[in-house]
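Data first, discussion second: the structure below is written as structure tokens.
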Amino acid sequence: SNNSVTLLVISSCSGRPAMKICVSSNSVGNKIYINLNETFPCVRLLNATHQIGCQSSFAGDVGVVHLLESEENLDWVLGSGPNPPYMVILESTLFTRPIMMKLKHGSQRVAGVVVVEPTTNPPDGFSPHTSCPNENTGVYSESYGPSYAHCNVTVWNPLGTGLSYEEFDFPIFSMKDSNDTEVLRRCYREHNRAVNGSTPQYPLCAMQLFSHMSAVRDTATCMRRSEIPFSLTPEEVCDPLGDENVWASTKPLNNTAKGHKEGESVVIAAAKMDSRSFFFDVAPGADGTATGLVALLAAANALRNATAELNRTILYTFFHGETFDYIGSSRMVYDMENNQFALDLDNVHSILEVGQVALGSNSRLWLHSDPVSRRNSSVNVEVRLYSPHSRSTSIYPNVTQPLPPSSLQRFLRARPIPGVVIENHQASFTNKYYQSIFDNAESLQLNYSPNLTAEEQLEFVTDAAKNLTEVATAVARGLYLQAGGHPAGMNAVQADSRLVSKMLYTFLVRGKNSWSEQLVSPELASQLKDRPTNFYIGVHQQMSEPRFMVQTILANLTGTIVNVTKENCQKQKEDEEDLYYYQWVQGPLRPNSTERDSFCVRSGVRRFAAKSPAFVLREYTS
Amino acid sequence: LLACFLADPAPVSAGLGFLTTPDPGVPAFFWLVSLLLSSLVWFISVQISNKESAAQQKGLLIFGVVLSVLLQETFRFGYYKLLKKANEGLLTLSQEETMPISIRQLAYVSGLGFGFMSGAFSVVNILADSAGPGTIGIHGDSQHYFLSSAFMTMAIILLHMFWGVVFFDACEKRCWWAVGLVVIVHLLVSCLTFQNPDYTATLVPAYVILFGMGVWAFYTAGGSLRNLKLCLTCKDKDFLLSNHRPR
């Protein structure tokens, strides 16, 4: 009858690895719909027991636009509004747990939610992650340090609302605050607003969100549905999260000979390279991920000339997927236990992990260790050896607390290995934006003057970079001592602040710049993005940005240049695969030309699968 | 097609069958061809024109519409000529003295065919867009777009029918001024659409013209007030008798 509704369309058809592009280009369509760009959906994820995230109807969900003014205004949406279902537009200050839970329970009248992303970070912090990250997959459980389990002693992420781990049966999208948002607000004001108690009449401004997800229930159900054997064209309804871990060693290790290596005693220097947020494919992960990553890379570079003096090998390991119940580290431990890795757990001497290490004016570094394993005196002795010396950063060992969420916990589940985790927080995280869209360059106070060009910004050393350089130096010296270096030679180990600054710029501001372009191989140069790195692990079929960048940077920072032609570089890649990894690198631009001086880099950088062992064992219920 | 019919007497009966059960599909096809030609010309001229200049694009649109109207009328005349030739051919073959096919019936069918095809093309894209959850208006356009499109399309279909009747009759009687008038009225109605989105200014004149053409076509086809009254009260003996065709 008279139910005509004007529409605003968000078409970001996503959810499966390939994103479809919805385009409407005819003139009548343009009079009816407005396509909104720059939107990010929330997608569905599954684990052994639950499904989390958001789901839309098969053809998309349509609802009348309503700009929520306050929590009391929710009553219009949930009760008194005359034209349900509503599409609720939230300013980011209203994207809180109480409001989202009310919307979740009133879901017959809620068609979807759109969150407007603000231009600056909320000053009080925001974290949609759980308050006790990776609670059930760490080392603390009923059988190991039960008093430390479930964050009994320390709540690591007190600001965590747990929204990322709730299940919503309507779509939720995020929109950047831009012209499109203004159009949306104006449309609401002109057509939908109830003035002086009157009910708004049709035609009304409405919105359609499309983000249909094929997966349901839990991992086991989904994998079973994907593998129906009777179909000629089996349809995959879900994909495992996964990518690759990256490792490199200071001494060449034969990668083809798997299992225990006689006489090798290895110090693992670990960092994680992934992050997440509530929304799909958005994970700026500055303090949470990038700082630790950059510190370890800079430390590896600082030690490149000192490797001859070490009697233990250092294994730089970058784990992927640690955000999602330790995908990378659990896989490495599994591979080591099953002789699928170049070393096994008996070869591991100790572990030094670099966690969140952004230093503000008042913060310092803390060494966290596991109190349960340290009751064993041999483990205790090893840990106490750590006291890296550095100019101004003070570091204090801490004995009363359990380990924060870290890859070390997965190793401890296998056997008691001495290890420390370097963090910038004594108890709870100091990171106010843990695993959220706000954990970005701004939260690190990575400030570049707007007068500088991109090139100048790349070269400029910020305060954040200087602080991180000190951390990197501390890490490098700690590794040096742990690997048997002589204390006298320690002061020569120094991280380079310009390198740290360039890496921070590359990961947190713009991935594609003159420095990063020199380091990549020509075929992969297009993978560099002109925006901050997206640290989300993604599905295993697609290469993720952080892994590609870490592998490239690590090869250049720890490798040596070999004087061979491009063909020989490729050939040697195949010949000496056991020990080395050869990569043809673009190199710097020649002055006044578009040609580059390319060269071949030989390094010990390797990759191995970071996909949960559950997919290997095909046991999805544990 | 015609040569085959004339040369080989065997398919003549099939041909007779084809021509005596008037099929609006053939004139529809003729209309389609005329549209194809006019859109080809328009497409080429748009490609070589200056895409930035709005005035030029508007001028091109007017030119396209005028060309399309002229081509449609040309093809209507062409179809008339084809039917004449077929009719004469059949006359030489058959034993009857009177014309086997009523030109008036064919005029009506031709108009109907043209009208259907024109209507379908006008309305199918709009129908497809109206199928989604939204309606026109987000940029402030009038909401009556779909309704007035529908009414305009109906007017055009009926107009094509009336033009068909008048046109063929004028060609039979060699009344060239009437043919010219049909063309001019067609142009007028098409150019009326440039007044959109002022839908009153478009629809009202269009319906006035429709009524006028309807009356003209009625009288051309042999109608009169007396016939109308008899028909409506089902007392028209001529009509009842004429339905008995000699076998």
Side-chain angles (χ1 to χ4, degrees), chain A residues 1-11 13 22-36 56-65 83-87 111-112 171 179-192 200-210, chain B residues 35 39 42-43 46-47 49 51-62 64-65 68 118-154 156 190 193-199 202-203:
Chain A
S1 61
N2 263 350
N3 277 359
S4 56
V5 172
T6 337
L7 255 233
L8 205 60
V9 179
I10 286 185
S11 40
C13 323
C22 299
V23 168
S24 113
S25 59
N26 66 74
S27 54
V28 178
N30 289 340
K31 288 183 200 279
I32 306 180
Y33 304 107
I34 298 178
N35 271 329
L36 297 175
S56 87
S57 314
F58 190 72
D61 284 299
V62 176
V64 173
V65 167
N83 316 109
Y86 284 97
M87 193 61 74
N179 286 342
D180 283 342
T181 333
E182 255 326 293
V183 168
L184 186 53
R185 292 193 184 110
R186 199 174 54 230
C187 191
Y188 169 75
R189 278 195 298 268
E190 284 168 12
H191 299 278
N192 293 18
Q201 295 296 320
Y202 280 107
L204 294 172
C205 194
M207 191 186 275
Q208 179 181 40
L209 301 181
F210 178 81
Chain B
L35 184 72
S39 53
W42 182 81
F43 180 74
V46 162
Q47 293 301 319
S49 76
K51 294 215 175 115
E52 299 299 315
S53 156
Q56 216 183 67
Q57 294 299 315
K58 178 109 197 236
L60 263 181
L61 194 62
I62 297 175
V65 166
S68 174
S118 164
F121 262 72
S122 304
V123 96
V124 90
N125 281 335
I126 299 174
L127 265 184
D129 279 318
S130 74
T135 190
I136 299 239
I138 199 161
H139 291 296
D141 300 298
S142 160
Q143 279 200 52
H144 299 120
Y145 182 85
F146 291 133
L147 206 58
S148 50
S149 296
F151 275 112
M152 193 65 186
T153 308
M154 181 174 85
I156 300 254
S190 295
T193 59
F194 287 119
Q195 309 232 24
N196 286 337
D198 186 0
Y199 296 126
T202 312
L203 282 175

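Letters go in sequence order (proteins before strands), and every chain restarts at 1.
Around atom CZ of B:F151, no more than 12 heavy atoms belonging to other residues, nucleotides or ligands sit under 6.0 Å away.
Here the options are A:I34, A:V183, A:I32, the test is side-chain contact (heavy atoms from CB on, under 4.5 Å), and the partner is B:H139; only A:I34 passes.
The two residues B:D129 and A:G29 come nearest to each other via the heavy atoms OD2-N, 3.8 Å. Here the closest heavy-atom approach between residue B:G132 and residue A:Y33 is recorded as CA-OH, 3.2 Å.
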